[in-house]
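Order of the sequence lines fixes the chain letters, A, B, ..., with proteins taken first and strands second; residue numbering starts at 1 for each chain.
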Protein chains: 2
Amino acid sequence: MESQLNPHISVDCVVFGFSPNGIKVLLVKRELDKLNESPTPSYDLKLPGSLVYNDELLDDAASRVLKELTGIENVFLERFEVLDSLDRMKNQKDKEWLESTTGLTIDRVISVAYFGLVNLADSELNGLSERSKWVTLESAIQLPFDHSKIIQRARELLLHSAGTEPIAFDLLPEKFTIFQLQQVLEVFNGSGIDSRNFRKKLKTLDFIVPLAEKQINVAHKPAQLYKFDRKRFMQFRKQKNASFI
Amino acid sequence: MESQLNPHISVDCVVFGFSPNGIKVLLVKRELDKLNESPTPSYDLKLPGSLVYNDELLDDAASRVLKELTGIENVFLERFEVLDSLDRMKNQKDKEWLESTTGLTIDRVISVAYFGLVNLADSELNGLSERSKWVTLESAIQLPFDHSKIIQRARELLLHSAGTEPIAFDLLPEKFTIFQLQQVLEVFNGSGIDSRNFRKKLKTLDFIVPLAEKQINVAHKPAQLYKFDRKRFMQFRKQKNASFI
DNA sequence: CCAAAAGTGTTTGGCCTACACCCATGT
DNA sequence: ACATGGGTGTAGGCCAAACACTTTTGG
């Protein structure tokens with residue numbers, strides 16, 4: 001097993017950006033110059049995704065590809081789907097593009113799709129590469145391969161999993177207050193969580209870990225800071241009716 | 001794209017067999033003679049699984065492989081996991097076996113795992129092939145590749161979805177008694193449902209429909225018969241915490 | 001009459017919900 | 001002082017769990 005690209009296995013990342021204006025999705029530019037040899041540079045947009053190395057785990061490949069293509073790192077990506085249709089490359093242009101960029105002969109590619117969520121207000125997103133772009137969900141309906149379908153499925157997942165998947169924590173800073181967590185969950189819910197009951201509930205959840213630290217320089221009583229323990233959450237979610245809302 | 005085996009992509013099927021005594025899992029014998037050239041035939045057991053053809057959908061591959069290796073067909077198989085660790089072939093014997101049976105050079109294989117459920121009492125299962133075998137979950141703990149781990153994950157899925165997916169009704173006849181339903185759910189649970197509470201709960205569920213019919217020729221008080229209304233169930237499951245256990 | 005499963009009510013404890021006020025800090 | 005979010009307790013309702021006996025049939 002050598003460190004070379006496997007021509008049959010790829011990953012694709014759907015990264016949603018959360019902002020008060022709405023939800024956007026992160027795409028990357030795909031250069032089409034080499035194919036049609038036109039004098040003017042041309043491109044279209046696709047999901048950040050690529051083939052996987054033979055000695056690479058899928059999770060690692062997803063993080064690597066996202067970093068390489070968009071500059072974004074430290075996004076928690078969750079595997080959610082396997083794409084295996086036989087007509088994924090039905091557009092000859094897509095196949096040629098993939099062969100020209102990888103230097104490999106491509107017949108069939110099975111793709112494992114990942115899903116992530118970031119806060120567009122985060123300053124860390126300033127490392128965004130030139131070739132990547134946030135677009136609205138409405139404008140991501142005619143993408144290469146089956147990428148529009150993947151985005152559609154990820155969007156359904158987003159709507160149905162606010163209380164059972166750890167997506168809320170992807171929108172929060174490392175250290176957050178209970179109030180911040182509540183605000184994010186209220187956006188998913190459509191608003192209306194009682195703060196006293198919410199705090200009581202959180203005290204029983206071992207994956208919300210209090211830190212020996214409080215807010216500073218805030219114009220109110222400084223709040224206790226907490227962190228999210230993902231491992232403990234993964235245990236928690238295995239229980240029968242595991243919802244933290 | 002020709003009809004040949006893809007050396008990087010496989011499917012594995014975890015088929016659980018339900019019986020009043022407990023749950024069993026379907027394994028197939030793997031001949032090891034060719035490897036060690038011993039005079040006495042020897043084999044061990046593994047999950048029914050195999051490489052996928054390049055022009056074959058994963059779902060189709062899973063059904064085909066299950067049919068070919070065990071003789072069982074018409075089982076609803078659900079995709080539930082992707083296995084991608086780098087040490088899936090850490091046992092050299094497994095790699096050699098796969099290479100000798102496929103005639104291919106194997107480096108890395110990613111496997112897509114499927115899950116299915118059948119009633120061991122069903123007469124249709126008589127087509128079971130000689131080389132396949134139902135074993136208890138306890139005796140399936142030291143299997144080749146990562147098959148024990150796959151079974152473990154499928155078992156968790158089974159437990160998690162017993163009360164939220166309609167899988168219990170796939171094991172019951174068209175007309176069933178509450179006691180029969182309870183027995184099925186008790187096997188999923190690992191046993192222990194209070195019949196009085198269970199009957200109370202069921203009376204509130206409109207998808208368990210009483211028929212104008214009772215048991216006949218039973219050596220006890222004849223029980224009311226019920227049928228399962230799938231459409232009403234689909235409505236029911238859309239609710240937030242929809243579980244009928 | 002015996003075996004086997006059918007069927008039926010009440011009590012208890014835990015959990016979720018609703019609800020209102022004082023606290024610490026920066027401006 | 002005042003604005004802002006931080007942080008706390010209690011009472012009521014609902015639901016799930018624990019618990020035992022009588023009924024109906026076939027053998």
Which part of the nucleic acid, if any, lies within reach of B/K203 when heavy atoms closer than 4.0 Å are counted: base, sugar-phosphate only, or nothing? sugar-phosphate
B/L202 atom CG is separated from D/dC15 atom P, nearest whole Å, by 16 Å
Nearest heavy-atom approach of B/V75 to B/G116 is CG1-CA, 4.2 Å
Under-4.0 Å side-chain N/O to phosphate OP1/OP2 contact, B/K200 with D/dA16: no
Starting at atom CZ of B/R199, determine the distance to atom P of D/dA18, rounded to an integer number of angstrom. 18 Å
Can you check the A/Q180 CD to D/dG5 C1' distance for me, whole Å? 11 Å
Rounded to whole angstrom units, what separation is found between the CZ atom of A/F176 and the P atom of D/dG5? 19 Å
Distance criterion of 3.5 Å, no angle test: do you see the side chain of B/N197 paired donor-to-acceptor with the base of D/dA18? yes
Whether A/R64 and A/E56 form a salt bridge (side-chain N of Lys/Arg under 4.0 Å from carboxylate O of Asp/Glu) is what I want to check. yes
Salt-bridge test for B/K149 and B/D146: reply yes if a basic N is under 4.0 Å from a carboxylate O, no otherwise. no
Select base, sugar-phosphate, or nothing to describe what A/Q215 touches, counting heavy atoms under 4.0 Å on all strands. nothing
Can you confirm if the NZ or CZ of A/R230 lies within 45° of the ring axis of A/F76 and under 6.0 Å from the centre of its six-membered ring? yes
Min and max contacting nt of DNA chain C in 5' to 3' order, chain A heavy atoms within under 4.0 angstrom, are C/dC16 to C/dG26
Evaluate the side-chain contact (heavy atoms from CB on, under 4.5 Å) criterion for residues A/W134 and A/V118: first the C-alpha distance (whole Å), next the side-chain angles of each, then the deciding distance (0.1 Å), finally the verdict. CA-CA 12 Å; A/W134 292 103; A/V118 299; 3.5 Å; yes
On DNA chain C, check which nucleotide each of A/R196 and A/I216 is closest to and give me the residue with the more 5' one. A/R196
In whole angstroms, how far is the P atom of D/dG6 from the CG atom of A/L181? 12 Å
Is a donor from one side chain sitting under 3.5 angstrom from an acceptor on the other, for A/T70 and A/S132? no
Rounded distance in Å - NZ (B/K201) to P (D/dA17): 8 Å
In terms of the nearest nucleotide of DNA chain D, which residue is placed more toward the 5' end: B/A219 or A/Q224? A/Q224
To the nearest Å, give me how far apart CG (A/L225) and P (D/dG6) are. 11 Å
In terms of the angle between their ring planes, are A/F207 and A/F228 parallel, tilted or perpendicular, with boundaries placed at 30° and 60°? perpendicular
